[in-house]
Amino acid sequence: MSVLSVKDLHVSVETEQGTKQILNGVDLEIKQGEIHAIMGPNGSGKSTLAYTIAGHPKYHVEGGSITLDGAEVLDMSIDERARAGLFLAMQYPVEIPGVKVADFLRTAKTALAGEAPALRPWIKEVNESMKALRMDKTFSDRNVNEGFSGGEKKRHEILQLELLKPRFAILDETDSGLDVDALKIVSEGVNRAQEATGLGLLLITHYTRILRYIKPDFVHVFVDGRVAEEGGPELADRLENEGYDRFLTDTSVA
Ligand code: ADP
Ligand code: MG
Ligand code: MG
């Protein structure tokens, strides 16, 4: 069984004011098939963790490791991370003028699998996934992310998730900006992908709302760049009722 493991991860970024330390020793272990939620207040470093796993060049690893079945992810290029089975929802958020969704998906699948998927079954699979995500057929003829609404971007992410079948996926604030109907459709897509492939999921969210539709096995509360508390789904319920106040005991912050 595959394991994605983050050990004592320290990460900084360069800012105009100098080096800013963001992650201060993150420990996390996700087994294939498990759903982990990372919850925490704004600015606690959740996206930094996601970007670091994705290999974003702005984030400097000062110490610690990220391993996938023992192999050091930090030594891998972004492409190698994808081929190793990591899916990072923020990996393809850019507009790609002149590249249609259908071609993009097939190219991505080919790059990951090492060979092009057989055309007919592939088209069938794409159409079925698009239908399940209530995406219009014309969507596949549009240019990637060009003029996509917030909801369309999220659906496109989940479409990739369903078709590319990674071993681990990191979804950063997939719930933000979605109305309840879109949230349900997107969550159903995540659950389908999870059940179909035994995906390991790291679901990053500020709000508990999405956790009504995607049930986490483990909840980690992120504060000041590290995991401050861990528990089961009941911890999310508690956060829904109490907010993050009890974690923010640093009285220097009003
Ligand atoms: P979260 O996703 O939990 O809201 P982030 O990881 O986005 O937190 O940010 C954590 C802290 O690091 C914040 O104070 C943020 O301003 C800072 N930060 C993150 N990325 C950068 C960056 N590229 N340049 C400067 N500061 C950053
Ligand atoms: Mg934020
Ligand atoms: Mg964030």
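For ligands, and for the atoms within them, numbers begin at 1 and follow the listed sequence. Side-chain atoms are counted along with the backbone in the values below, which use heavy atoms only and exclude waters and symmetry mates.
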- Aromatic ring centroids of His156 and Phe104 under 6.0 Å?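 Yes.
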What I want to know is whether [X] and ligand 1 share at least one N or O pair that is separated by under 3.5 angstrom.
| X | result |
| --- | --- |
| Tyr59 | yes |
| Gly45 | yes |
| Gly43 | yes |
| Lys46 | yes |

Going by the atom numbers of ligand 1, which of them fall below 4.0 Å from some non-hydrogen atom of [X]?
| X | result |
| --- | --- |
| Ser47 | 1 (P), 2 (O), 6 (O), 7 (O) |
| Asn42 | 4 (O) |
| Pro41 | 3 (O) |
| Ile22 | 10 (C), 11 (C), 12 (O), 17 (C), 18 (N), 19 (C) |

- Give the C-alpha distance, both sets of side-chain angles, the deciding distance and a yes or no for side-chain hydrogen bond (donor to acceptor under 3.5 Å, both in side chains) between Glu72 and Thr67. CA-CA 5 Å; Glu72 183 52 78; Thr67 55; over 6 Å; no
- Message: Could you work out, for atom 23 (N) of ligand 1, the closest of Gln21, Lys58, Lys20, His56 by heavy-atom distance?
- Response: Lys58
Can I get a per-line list of side-chain donor-acceptor pairs under 3.5 Å for residues 27-38, giving both atom names and the distance, sequence neighbours left out?
residue	atom	partner	partner atom	Å
Asp27	OD1	Asp8	N	2.9
Glu34	OE1	Lys31	N	3.0
Glu34	OE1	His36	NE2	2.8
His36	ND1	His220	NE2	2.8

- Message: So, 4.0 Å and heavy atoms of Ala50: is ligand 1 close enough to count as a contact?
- Response: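 Under 4.0 Å: no for Ala50.
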- Query: Has Gly40 got any heavy atom lying under 4.0 angstrom from an atom of ligand 1?
  - Reply: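 No; Gly40 lies far enough from ligand 1 that no heavy-atom distance drops under 4.0 Å.
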- Query: Going by distance alone, is a donor N or O of one side chain under 3.5 Å from an acceptor N or O of the other, for Thr19 and Glu14?
  - Reply: yes
- Query: NZ/Lys153 to CD1/Ile158 distance, rounded to the nearest 0.5 angstrom?
  - Reply: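 Atom-to-atom, Lys153:NZ and Ile158:CD1 are 14.5 Å apart.
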- Where on Thr48 is there a heavy atom closer than 4.0 Å to ligand 1, on the side chain, on the backbone, on both, or on neither?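 The answer is both, backbone and side chain.
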- Message: Any N/O/S atom from Ser47 (main chain or side chain) under 2.8 Å of the Mg ion (ligand 3)?
- Response: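 Looking at Ser47, which is the residue asked about, there is an N, O or S atom under 2.8 Å from the Mg ion (ligand 3).
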- Query: Using the ring of each side chain (for Trp, its six-membered ring), is Tyr59 parallel, tilted or perpendicular to His56, with breaks at 30° and 60°?
  - Reply: perpendicular
- With side chain to side chain contact (heavy atoms under 4.5 Å, CB included) as the test, would you mind laying out the steps for Leu178 and Val186 before giving the verdict? CA-CA 9 Å; Leu178 296 181; Val186 161; 4.0 Å; yes
- Message: According to side chain to side chain donor-acceptor pair (under 3.5 Å), who are the partners of Glu125, at least two apart in sequence or on a separate chain?
- Response: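 Glu125 satisfies side chain to side chain donor-acceptor pair (under 3.5 Å) with Lys165 once adjacent residues are dropped.
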- Task: Could you walk me through whether Phe148 and Phe139 pass ring pair (Phe, Tyr, Trp, His ring centres under 6.0 Å), step by step?
- Result: CA-CA 10 Å; Phe148 284 14; Phe139 190 85; 4.8 Å; yes
